[in-house]
Amino acid sequence: MKNVASKSINPCDIRAVANFYATQIQLCCPHSPTSYPQARCIHAHMTTSGVKPRGHILNRLIDVYCKSSHLVSAHQLFDKIPLPDIVARTTMLATYSASRKPDMALEIFNTTPLRMRDTVFYNAMITAHCHDEDGHAAIKLFRDMRREGFSPDKFTFTSVLKLFDEMPVRDELTWTTIITGYVRNGDLDTARRVFEGMEEKLVVAWNAMILGYVHNGFVSEALEMFKRMNLSGIKLDEFTYTSVLSACASAGLFLFGKQVHAYILRMEDKLSRDFSLSVDNALITLYWKCGKVDEARMIFNNMPVRDLVSWNAILSSYVSAGRINEARSFFIEMPDRNLLTWTVIISGMAQNGLGEEGLKLFNQMKLEGLKPCDYAFAGAISSCAVVAALKHGCQLHAQLVRLGFDSSLSAGNALITMYTRCGVVEAAHYLFLTMPFVDSVSWNAMIAALGQYGHGAQALELFEQMLEEEILPDRITFLTILSACSHAGLVNQGRSYFDAMYGLYGIRPEEDHYARLIDLLCRAGKFFEAKDAIQRLPFEPGVPIWEALLDGCRIHGNVDLGVQAAERLLELRPQHDGTYILLSNMYVDVGRWDDMAKVRKLMRDRGVKKEPGCSWVEVENKVHVFLVDDTAHPEVQAVYNYLEELGMKMRELGYVPDTKYALHDVGSDKKQHGLSTHSEKLAVVFGLLKLPRGATVRVFKNLRICGDCHNAFKFMSKVIERDIVVRDGKRFHHFRNGECSCGNY
DNA sequence: GTAGGGTTAG
């Protein structure tokens, strides 16, 4: 050691010497048997070279002496320090405690000024009392520490809980603290054990138990507790009421909630007390979560006093009901806003397809000096997912990592979707595999991603893995799975998943689940069974059901049944363009031009406008948008030229342009290339021209991709040996080497 | 010693 020191360290440079010792001592592991002689050596070396051990070096020396049972050396060193820091003190205290020298431990404790102490220090002393079997002293200290403003951690609770088995309970206040500690850590069983052991249960203890159950999703346990509490004759307070109302809200128990509401009103009368503000806030949440947004607003309007919680609750109610315009004006009206307010409105925008507005608000929030939390990031990231802004999404991902939010569940889940919807399913998968924590949302998102990319079998595999890992599937999981089955043509498997949904998992299928079942059957051409399923629906079939049927009929050219479905749809929503288009395409497929024209006329007569198709592609941080037969884009001529060149090569490989779809588009009669110039074709070709050689072209389209374009991209991917990804209104098509991942779905 | 408002998946 001397050699190393003299070779590389200038002995006059005090800092360098100190650093050198710091490194040496760092290498000396306190638990190893050789640590003591090593530490001694370093210590002696320091003494002879005139460097006084300080700070970390000192604490480490003390630590090593303590751990190697050289308590006397440790204490000698400790005594020499003018003002030992809290780490050194804790080390000494803990060692005395472990060596069963409680008096020495207590002396260290008492000579440590209050302002130096911390939770760990208190924990050490509490443990010392426990070792000394002085339970009362331990409990007293536990209470002191709370009174002095130190919050106990799980180590504190572990020590104190040990006493619980040994001591008769006398001090309800302490046990209540312990219960809340366990509740906070989600250990409800232990909390319950302590609770049941209490002779006299305080209101706060009851409340803590109820709330613990609510927060962890055990609603029936919470309500059971509430009923028992009520019977026990103890006085309920506003904490009790808010907790119970919250339980009802999350479980959708509207009637029970209303009973509680009525009960509270009676108690208010009886006690001439006003529980108002917090209870009203809880009531707002109860009403909107049970789908009664206007009633929630009524409560808000009638409140004598409101706070930010009330405002935020109403904002959430509008957002969740998809009433985004009301949410926006309410947001503007708000007298005060906090991080939560912004989070709600940002993600509200994303949920309602207004990604750009969501991102604007996110920036505005930052301009107002608010630091976004991971939930706010999640909102901004899903805004990116909506508009397929990959670059922007990546930037947010980078910021997230920089800010240390990279283990956040909500942001991670939002990222999975963002990458998926931007056409980078590999990134989504990588994220899913490397996230430190995942939940059912993450699983659902990943399964959906695979399904949307046409990897039906892989999606099902992942689902099976989810079950193996004992993650409970929910209604969304089954929506995803049914789609995946329909995709992969796995009719029987899909049907058995549908049956298992209620039979095995107790999830009652809703209309959208049935719609996917119909879709599954129709796509497989099983119209008889689809019709049968529709007839046996436990409710009146609505839009999703008829849509699925019409779609399936179109694929198989089952015009008669398709017309029936279309008629129902036209009744249910006469102003929706999609039905007319589907119906007219179906007539085109079978060459019934007259009927097609009739549909077109009906559409015109009713004033229904077809949503114009547009496609866009991101090149060098700019989004380029194309319309059908675009003439507006400045570089469109180069696109047409290249398209023609590609068209020739594609035809050599056997590509035959299918012009029948082109007939639908007004003004597309000048088809100079023998190719229809749908927006997606222009966007893809532009991407091929502009993006770096070999880079995957990712194009987004607002409507569904047309059949001819789909076929063309297959040939195109082969001709130019590049990957093309197209996200249309519903799913993804990954073209590679003449094939599409969707399997012509 | 405790509450009431958020997020992500189709």
Side-chain angles (χ1 to χ4, degrees), chain A residues 143 146-147 152 172-181 183-184 202-212 214-215 237-246 249 275-286 288-289 306-317 319-320 338-348 350-351 373-382 385 408-418 420-421 435 438-449 451-452 473-484 510 512-513 515-516 544 730-731:
Chain A
R143 290 178 55 187
R146 295 199 63 98
R147 206 183 45 235
E172 287 78 21
L173 220 86
T174 305
W175 296 129
T176 304
T177 313
I178 294 168
I179 289 169
T180 59
V183 166
R184 220 178 283 145
L202 302 185
V203 194
V204 176
W206 285 97
N207 290 348
M209 284 309 303
I210 294 176
L211 200 75
V214 176
H215 280 178
D237 63 8
E238 55 259 66
F239 290 88
T240 323
Y241 297 135
T242 47
S243 308
V244 171
L245 288 173
S246 162
F275 293 127
S276 203
L277 181 63
S278 51
V279 172
D280 278 346
N281 285 341
L283 281 170
I284 289 180
T285 309
L286 170 73
W288 79 253
K289 284 208 176 161
R306 305 177 189 111
D307 64 2
L308 194 49
V309 175
S310 337
W311 286 87
N312 283 342
I314 292 293
L315 184 69
S316 307
S317 79
V319 163
S320 79
N338 63 4
L339 187 55
L340 210 134
T341 320
W342 287 94
T343 306
V344 172
I345 193 73
I346 291 167
S347 38
Q351 280 161 30
C373 61
D374 55 340
Y375 289 135
F377 266 104
I381 291 165
S382 49
S408 156
L409 192 56
S410 49
N413 289 341
L415 281 169
I416 293 183
T417 319
M418 189 276 290
T420 303
R421 305 238 290 210
M435 271 165 71
V438 289
D439 63 359
S440 63
V441 176
S442 333
W443 283 91
N444 289 349
M446 199 58 232
I447 293 170
Q452 285 167 358
D474 56 20
R475 57 179 305 278
I476 296 188
T477 319
F478 282 103
L479 284 177
T480 316
I481 282 305
L482 289 169
S483 295
E510 289 162 54
D512 38 6
H513 293 104
R516 295 199 188 197
K730 282 225 149 90
R731 51 182 28 90

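Here the structure is a predicted model, which is why all the values come from computation and not from measurement. Sequence lines set the chain letters: A, B, ... in the order given, protein chains first and strands last, and positions in each chain run from 1.
With hydrogens and angles ignored, no donor-acceptor pair under 3.5 angstrom links the side chain of A:Asn312 to the base of B:dG4. For A:Ser410 against B:dT7, a side-chain N or O and a base N or O form a donor-acceptor pair under 3.5 Å. In the interface, the side chain of A:Thr242 is not paired with the base of B:dG4 through any donor and acceptor atom under 3.5 Å apart.
Taking only side-chain atoms of A:Leu340, from C-beta outward, the nucleotide of B:dG4, B:dT8, B:dG6 with the closest atom is B:dG6. Among the nucleotides B:dG4, B:dT8, B:dT2, the one closest to the side chain of A:Phe239 is B:dT2. Comparing atom distances between the A:Ser347 side chain and each of B:dT8, B:dA9, B:dG4 picks out B:dT8 as nearest. Ranking B:dA3, B:dT8, B:dG6 by closeness to the A:Val344 side chain, first place goes to B:dG6. Each of B:dT7, B:dG4, B:dA9 was ranked by its minimum atom distance to the side chain of A:Thr417; first place goes to B:dA9. With B:dA9, B:dA3, B:dG5 as the choices, the nucleotide that has an atom nearest any side-chain atom of A:Leu308 turns out to be B:dG5. Among the nucleotides B:dG5, B:dG6, B:dA9, the one closest to the side chain of A:Val309 is B:dG5. Comparing atom distances between the A:Leu339 side chain and each of B:dG5, B:dG10, B:dG6 picks out B:dG6 as nearest. If you check B:dG6, B:dA3, B:dG4 against the side chain of A:Ser316, the one that comes closest is B:dG6. Checking B:dG4, B:dT2, B:dG6 against every side-chain atom of A:Asp237, the shortest atom distance belongs to B:dT2.
Across all strands, A:Asp474 comes closer than 4.0 Å to base atoms (heavy-atom distances). Within the 4.0 angstrom heavy-atom criterion, no nucleotide atom of any strand lies near A:His513. Residue contacts for A:Leu211: at a heavy-atom cut-off of 4.0 Å it reaches the sugar-phosphate backbone alone, with no base atom in range. Among the heavy atoms of the strands, none lies under 4.0 Å from A:Trp342. At the heavy-atom level, A:Ala208 lies nowhere under 4.0 Å from the strands shown.
A donor-acceptor pair is defined here as one N or O able to donate and one able to accept, closer than 3.5 Å; no such pair exists between the side chain of A:Ser246 and the backbone of A:Thr242. A:Asn207 places no side-chain N or O within 3.5 Å of a backbone atom of A:Ile210 that could act as its donor or acceptor partner. Within the 3.5 Å criterion, the main-chain N or O of A:Ser442 finds a donor-acceptor partner in the side chain of A:Asp439.
The distance from atom CG of A:Asp280 to atom C1' of B:dA3 is 14 Å, rounded to the nearest whole Å. A straight line from CD of A:Gln351 to P of B:dT8 spans 5 Å, rounded to a whole angstrom. Between A:Trp311 atom CH2 and B:dG6 atom P there is a gap of 17 Å when expressed in whole angstrom units. Atom CD1 in A:Ile179 sits about 14 Å away from atom P in B:dA3, given to the nearest Å. Atom-to-atom, CG of A:Asp512 to P of B:dA9 comes out at 16 Å; the value is rounded to the nearest Å. Computed from coordinates, the A:Asn413 CG to B:dA9 P distance equals 8 Å when rounded to whole Å. Here B:dG10 presents its P atom at 11 Å from CE of A:Met446, a figure rounded to the nearest Å. Rounded to an integer number of Å, the gap from A:Tyr241 OH to B:dT2 C1' is 15 Å.
Residues A:Arg516 and A:Thr480 approach most closely at NH1-N, 4.5 Å, considering heavy atoms. When every heavy atom of A:Lys289 is checked against every heavy atom of A:Ala249, the shortest pair comes out as CB-O, 3.7 Å.
Close to B:dT2, at under 4.0 Å from its OP1 or OP2, lies no side-chain N or O of A:His215. At least one side-chain nitrogen or oxygen of A:Ser246 sits closer than 4.0 Å to the OP1 or OP2 atom of B:dG4. Between A:Thr285 and the phosphate of B:dG5, there is a side-chain N or O to OP1/OP2 separation shorter than 4.0 Å.
For A:Arg306, the side chain to side chain donor-acceptor pair (under 3.5 Å) test picks out no residue, with sequence neighbours left out. Every residue two or more places apart in sequence or in another chain was checked for a ring pair (Phe, Tyr, Trp, His ring centres under 6.0 Å) with A:Trp288, and none qualifies.
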